[in-house]
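Single-structure report; data block below.
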2 protein chains.
Amino acid sequence: MARPRTFDEDAILDRAMLLFWRKGYEATAMSDLVEELGLGRGSIYAAFGDKHQLFVRALSRYLGHQDALLATAFDADGPALAQLRDVLDRLLAADAACGNAGCFSVNSIAELLPHDGEVARLAQRSLRVAEEAFARQLERAAQEGELSATITPEAGARLLLTLVQGIQIVRKVDPDPARTAAGLDSAFALLSGDASKQPAALAPAPA
Amino acid sequence: MARPRTFDEDAILDRAMLLFWRKGYEATAMSDLVEELGLGRGSIYAAFGDKHQLFVRALSRYLGHQDALLATAFDADGPALAQLRDVLDRLLAADAACGNAGCFSVNSIAELLPHDGEVARLAQRSLRVAEEAFARQLERAAQEGELSATITPEAGARLLLTLVQGIQIVRKVDPDPARTAAGLDSAFALLSGDASKQPAALAPAPA
DNA sequence: CATTTACTTGACCGCTCGTTCCAGAACGCG
DNA sequence: CGCGTTCTGGAACGAGCGGTCAAGTAAATG
């Protein structure tokens, strides 16, 4: 052992993530990263290999945050649908952290798939994890009589998963926060089969 | 007037569209375009200005096709919801024309917004046109009693618009055609308030 | 048929890209 | 304290980028 790293790898990954998120993979140059990360080119290459590996590491970190939120957010207390709705709102709110850049995962899928196999695998895993978490929660909603009989938990999970991805696209075009979650409002009103919930937002999470 | 063009501008735009669609804006090099279009660099620049203008022209052409489909597909005959569902299936089918590259519009929004103002304007207009067309058709569905009272035509249009964008993303990750339109199946089942329509597909357009 | 005018081609330009490399700095260790 | 090792920063590199230009070519015109 000799001279130790002067930087925290995770902190660097966070900054790289924000840059790739804002500009996309191809439009982000190594010179941008050198400037943003405050490291010399040599240090970046020694620590992460090359641009693509750095991108994959940054995207993995982003997806890991999402997975962690989904893994810890659900419990068996309180109304299942409202809890699910709250989690989706928090996922969307987290993606507002990067201005109007949308969702890093959605942007990466749109830009790099189907050509980039490594990013494809990450995206597959992430979507599967989310869909399964949604399905489990809708299963509980169904058992507790909250879910409309018109739809199965699995179909509802697929619907919500798809809808959230779509919101990330529409939001980049029309950032109006009032309209951003309108699709979710409608979806939850239909999922619960309750006409009264259509215009207004659902109740927030339990205190 | 002297020597006329040896190429058809629209045919060239179609080929440029396919290339940008497949590879994205930044990843498509002028040398790729020279090879794919079969024109010299000078001819391309003389005809279209620069790479970005060529991209905008290609995207406009793509969006024009979508607008044309939406403008001509609806009439007052037959069940409104089934007609709408058929149009959405045709929109999705048209986007399968470029392998698993998804939707050119969604890809462009994800890659270039919010930084590219010109593409942003095109996308805004296109989404607005689609949403309004959906809303008109759902209005007719409501008048004819096909639409669930749980949702307004405007909210349903927003829901479907968002869902279609989401399908384009999910499809790039999981191209299985059986699962591609599953979200649409669920959405239409919920919109019609009919539990019987959940597992199976809706009826096709009238003969 | 000669002239004019527009279009086509591909060599060429300066620049920026991702990546490599090396000289020097900073720390752990004997 | 000084040696060995690792990390650091930036100069340098070849490749490839988007864009330009001038010479050659083909159609329209009188």
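Here the structure is a predicted model, which means the values were calculated and not measured. Each chain gets a letter, A, B and so on, in the order its sequence line appears, and its residues count up from 1.
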Would you mind reading off the distance between Glu26(B) atom CD and dG16(D) atom P, rounded to a whole angstrom? 18 Å

Given the options Gln165(A), Lys172(A), Arg171(A), Gln168(A) meets side-chain hydrogen bond (donor to acceptor under 3.5 Å, both in side chains) only with Arg171(A)

Just the rounded figure in Å: distance from P of dC17(C) to NZ of Lys23(A). 8 Å

Give the rounded distance in Å between these two atoms: CG of Leu54(A) and P of dT19(C). 10 Å

Length of the OH-C1' vector between Tyr25(B) and dC17(D), whole Å: 12 Å

Under 6.0 Å from the six-membered ring centre of Tyr25(A) and within 45° of its axis: does the NZ or CZ of Lys51(A) meet both? yes

Could you tell me which residues satisfy side chain to side chain donor-acceptor pair (under 3.5 Å) with Ser148(A), sequence neighbours excluded, listed by chain and number? Thr150(A)

Rounded off to whole Å, could you give me the CD1-to-C1' distance for the Ile44(B) and dC21(D) pair? 16 Å

Test side-chain hydrogen bond (donor to acceptor under 3.5 Å, both in side chains) on Asp75(A) and Gln83(A) and set out the steps. CA-CA 9 Å; Asp75(A) 55 54; Gln83(A) 198 174 71; 3.0 Å; yes

note: Leu33(B), atom CG; dC17(D), atom C1'; distance rounded to Å ~ 13 Å

To the nearest angstrom, the CG-P distance between Asp50(B) and dG19(D) comes to 5 Å

Check: Ile12(A) and Ile44(A) side chains under 4.5 Å, non-hydrogen atoms: no

Pairs under 3.5 angstrom, nitrogen or oxygen only, protein versus nucleotides 8-11 of chain D, please.
residue : atom : partner  : partner atom : Å
dT8(D)  : OP1  : Thr6(A)  : N            : 2.8
dT8(D)  : OP1  : Thr6(A)  : OG1          : 2.7
dG9(D)  : OP2  : Gly40(A) : N            : 3.4
dG10(D) : O6   : Gly42(A) : N            : 3.0

Is a salt bridge present between Arg158(B) and Glu154(B), judged by a nitrogen-to-oxygen distance below 4.0 Å? no

Ala101(B) backbone acceptor or donor facing Asn107(B) side chain under 3.5 Å: yes

Check ion pair Arg128(A)-Asp174(B) (N to O, under 4.0 angstrom): no

All N/O contacts under 3.5 Å from nucleotides 14-16 of chain C to the protein, with atom names and distances to one decimal?
none

Tyr45(B) OH to dC12(C) P: how many Å, rounded? 18 Å

Beyond-backbone contact of Phe134(B) with Leu88(B), side-chain heavy atoms, under 4.5 angstrom: yes

